[in-house]
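Index from 1, following the sequence.
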Amino acid sequence: MIETLVWTALALGVIGVYLSWTAGRLDRLHSRMDAARAALDAQLVRRASVVLEVATSGVLDPASSIVLYEAAHAARQAEEEQREVAESELSQALRAVFADAAQVDLLKAAPGGEAAAEELAAAVRRVPMARRFHNDAVRAARALRRHRKVRWFRLAGHAPFPLAFEMDDEPPVDLADRP
C-alpha cells in the first residue's frame, strides 16, 4: 500500500515537473515573441521615419514626395488592426517611387543624399528580417500551444493566441542591392 502511494506520488511529481518545464518553455517563447514584436515595431517606425525625411528633403519630385509622405504618415498613424495594410502600402509606395535606379541616383547626388540613401536602404532591408524573426517566434509558440497537454492543463493561461505579422515587405530592388 505504501509502496503504491510512493510510486503514485513520484509519478505525479515527475508529471508536475514536466508540465512546469513545458509552461516555462511556453513563457520563454511568449517573451521571445514579445521582444521580436518590439524589434519589428522599432524597425517599422524607423523605416517610416527615414521615408518621411526623404520625402520632405526636397530631393525627389513633388509627386513622389507626396506619395511617400502620405504612405509613411499613414503607416505611423495606423491603428493596430490596420497596421499590416498601412505598412504594405508603404512598401508598395517605396517600390513605385524607387522602381527606377535614376531616382536612387538622384537621391544620392543631392547634398547629404548619400547618407540618406544608405539609411533608407538599411531601413528597408531590416524590416523583412525583423518580420521573419517575429513570425518564427510566433510559429514556435503556436506549435507548442497546439499540443494537447498545453490545452488540457491550460499552460498558456490567458495569453492571447499568437498572430503573425503579414505584410508586403519586399524592398525596392535598387535600394536593397546597395550596401
> Hey, any chance Tyr69 and Val59 share a hydrophobic cluster, counting ILVMFWY side chains that come within less than 4.5 Å of each other, even indirectly?
Replying inline: no
> So, for Arg145 and Pro160, which heavy atoms are closest and what is the spacing to 0.1 Å?
Replying inline: NH1-O, 2.9 Å
> Taking Thr56 for the side chain and Leu52 for the main chain, is one N or O donor matched with an acceptor at less than 3.5 Å?
Replying inline: yes
>> When you measure from the side chain of Asn135 to the backbone of Glu166, do you find a donor-acceptor pair of N or O atoms at a distance under 3.5 Å?
In response: no
> If Ile, Leu, Val, Met, Phe, Trp and Tyr residues are connected whenever their side-chain heavy atoms lie under 4.5 Å apart, and connections chain through other members, are Val17 and Leu26 in the same group?
Replying inline: no
> Does one hydrophobic cluster hold both Leu44 and Val85, with members joined at side-chain heavy-atom distances below 4.5 Å?
Replying inline: no
> What distance separates Leu40 CG from Arg126 CZ, expressed to the nearest 0.5 Å?
Replying inline: 14.0 Å
>> According to a hydrophobic-cluster definition based on side-chain heavy atoms being under 4.5 Å apart (Ile, Leu, Val, Met, Phe, Trp, Tyr only), do Leu29 and Val150 belong together?
In response: yes
> Closest heavy-atom contact between Ala36 and His134?
Replying inline: CB-CA, 3.6 Å
> What's the shortest heavy-atom distance between Val54 and Leu107, and which atoms?
Replying inline: CG1-CD1, 4.1 Å
> Can you tell which of Arg131, Arg47, Arg76 makes a salt bridge (charged side-chain N to carboxylate O under 4.0 Å, His left out) with Glu87?
Replying inline: Arg47
> Can you tell me if Ser91 uses its side chain to pair, donor with acceptor, with the backbone of Asp168 under 3.5 Å?
Replying inline: yes
> Would a 4.5 Å heavy-atom cut-off, applied to side chains only, mark Glu119 and Arg46 as touching?
Replying inline: yes
>> Quick check: closest heavy atoms across Pro171 and Pro128, and the distance to 0.1 Å?
In response: CD-CG, 4.5 Å
> Distance from Ile15 atom CD1 to Leu10 atom CG, nearest 0.5 Å?
Replying inline: 10.0 Å
> When rounded to the nearest 0.5 angstrom, what distance separates CG in Leu155 from CH2 in Trp21?
Replying inline: 11.5 Å
> To the nearest 0.5 Å, what is the distance between CD (Glu3) and OG1 (Thr8)?
Replying inline: 10.5 Å
>> Assess the residue pair Arg28 and Arg32 against the criterion (side-chain contact (heavy atoms from CB on, under 4.5 Å)); give the C-alpha distance rounded to whole Å, side-chain angles, the decisive distance to 0.1 Å, and a yes or no.
In response: CA-CA 6 Å; Arg28 287 189 303 275; Arg32 183 177 137 209; over 6 Å; no
> Looking at Asp169 and Arg132, does any basic side-chain N land under 4.0 Å from a carboxylate oxygen?
Replying inline: no
>> Testing the basics here: between Leu94 and Leu68, what is the closest heavy-atom pair and its distance to 0.1 Å?
In response: CD2-CD2, 3.8 Å
> Is the closest side-chain heavy-atom distance between Arg142 and Leu163 below 4.5 Å?
Replying inline: yes
>> Strictly below 4.0 Å, N to O, side chains only: are Asp105 and Lys108 in salt-bridge contact?
In response: no
> Closest heavy-atom contact between Val51 and Ala72?
Replying inline: CG1-CB, 3.7 Å
>> Counting C-beta onward and ignoring hydrogens, is there a side-chain heavy-atom pair between Leu120 and Phe98 closer than 4.5 Å?
In response: yes
> Does Asp61 use its side chain to pair, donor to acceptor, with the backbone of Ser64 at less than 3.5 Å?
Replying inline: yes
> Are Val67 and Val124 connected in a single hydrophobic cluster, I mean Ile/Leu/Val/Met/Phe/Trp/Tyr linked by side-chain heavy atoms less than 4.5 Å apart?
Replying inline: yes
> Can you tell if the side chain of Arg139 reaches within under 4.5 Å of the side chain of Pro162, non-hydrogen atoms only?
Replying inline: no
> Hey, mind stepping through Thr22 and Phe153 against side-chain contact (heavy atoms from CB on, under 4.5 Å) and telling me if it holds?
Replying inline: CA-CA 11 Å; Thr22 303; Phe153 292 103; over 6 Å; no
>> What verdict does the side-chain contact (heavy atoms from CB on, under 4.5 Å) test give for Arg37 and Phe165, after you've listed the backbone C-alpha separation in whole Å, the side-chain angles of each residue and the deciding distance to 0.1 Å?
In response: CA-CA 9 Å; Arg37 179 59 185 236; Phe165 193 85; 3.5 Å; yes
> When you look at Asp41 and Arg83, which way does the side-chain contact (heavy atoms from CB on, under 4.5 Å) test go after all the steps?
Replying inline: CA-CA 10 Å; Asp41 284 339; Arg83 183 104 187 258; 3.0 Å; yes
